[in-house]
Visitor: 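Handing you this structure, nothing more for now.
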Amino acid sequence: MISSLLLAAAITVVDGDTLRINGERIRLLGIDAPEIHGCRQGRVCVPSDGQASKRSLEAIMSGQISVQRVGQDRYGRTLAQVYVRGRNVACEQLRRGQAVYVGKWDNGGLLAADCR
């Protein structure tokens, strides 16, 4: 597991479970957030407001950021646990009701252990 501390980073929130940090697309480990542009036909998506989930993640992303990379997803995004001021942002999205936990996406239960 590679961890890095980012003191000054260019951060863009893509949606409620995806970030771009210094150009790297990062998918938060173990959660799924509502789609911003709605659910495409044939897919099962998290119900709720995708824009609200994105705004929630944007509100969390200020302060010292740490990224623990755990792999890549099928779209080539980095799978990671991201911490702001020592708090796991995926756990915070879950607490706020802006994402749902998906156990099959939680490599080895890392997120579940962190959110206790």
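Note: hydrogens, waters and symmetry copies are ignored here, and every other heavy atom, side chains too, is used.
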Visitor: Report the distance from atom OG1 of Thr18 to atom NZ of Lys54, rounding to the nearest 0.5 Å.
Guide: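 That separation rounds to 11.0 Å.
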Visitor: Check side-chain hydrogen bond (donor to acceptor under 3.5 Å, both in side chains) between Gln98 and all other residues, then give those that pass, not counting sequence neighbours.
Guide: none
Visitor: Quick one: side chains of residues 30-44, donor-acceptor pairs under 3.5 Å with protein atoms, not counting sequence neighbours, listed by atom name and distance.
Guide:
none

Visitor: Does the side chain to side chain contact (heavy atoms under 4.5 Å, CB included) test come out yes or no for Arg87 and Ile60, once each step is laid out?
Guide: CA-CA 9 Å; Arg87 295 177 63 195; Ile60 298 167; over 6 Å; no
Visitor: Locate the shortest heavy-atom distance separating Leu94 from Tyr101; write the atom from each residue and the value.
Guide: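 Minimum heavy-atom contact is CD2-N, 3.4 Å.
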Visitor: Restricting to pairs with a member in residues 95-114, which pass salt bridge (charged side-chain N to carboxylate O under 4.0 Å, His left out), not counting sequence neighbours?
Guide: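 Every pair satisfying salt bridge (charged side-chain N to carboxylate O under 4.0 Å, His left out) with a residue in residues 95-114: Glu92-Arg95, Glu92-Arg96.
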Visitor: Does anything in residues 63-101 form a disulfide (SG to SG under 2.5 Å)? List the pairs, not counting sequence neighbours.
Guide: Cys91-Cys115
Visitor: Identify whether Ile65 and Val89 are in the same connected component of the hydrophobic contact network (ILVMFWY, side-chain heavy atoms under 4.5 Å).
Guide: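 Yes, because Ile65 and Val89 connect within a single hydrophobic cluster, where side-chain heavy atoms sit under 4.5 Å apart.
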Visitor: CG/Leu57 to CG/Asp15 distance, rounded to the nearest 0.5 angstrom?
Guide: 8.0 Å
Visitor: Asp73: which residues meet the side-chain contact (heavy atoms from CB on, under 4.5 Å) condition with it, sequence neighbours left out?
Guide: Arg27, Tyr75, Arg77, Leu79
Visitor: Quick one: hydrophobic cluster around Val102, which other residues, with the 4.5 Å side-chain cut-off, linked directly or via members?
Guide: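 Members alongside Val102: Val46, Val100, Trp105.
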Visitor: Backbone N or O of Ala10 within a donor-acceptor pair of the Asn22 side chain at under 3.5 Å?
Guide: yes
Visitor: Would Leu19 end up clustered with Tyr83 when hydrophobic side chains under 4.5 Å apart are linked, directly or stepwise?
Guide: no
Visitor: Any donor-acceptor pair under 3.5 Å linking the side chain of Gln81 with the backbone of Leu29?
Guide: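 Side chain of Gln81 to backbone of Leu29: no pair is present.
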Visitor: Identify, with sequence neighbours excluded, every residue that meets salt bridge (Lys or Arg N to Asp or Glu O under 4.0 Å) alongside Glu58.
Guide: none
Visitor: Establish whether Leu28 and Val14 are linked, either directly or via other cluster members, by ILVMFWY side-chain heavy-atom contacts under 4.5 Å.
Guide: no
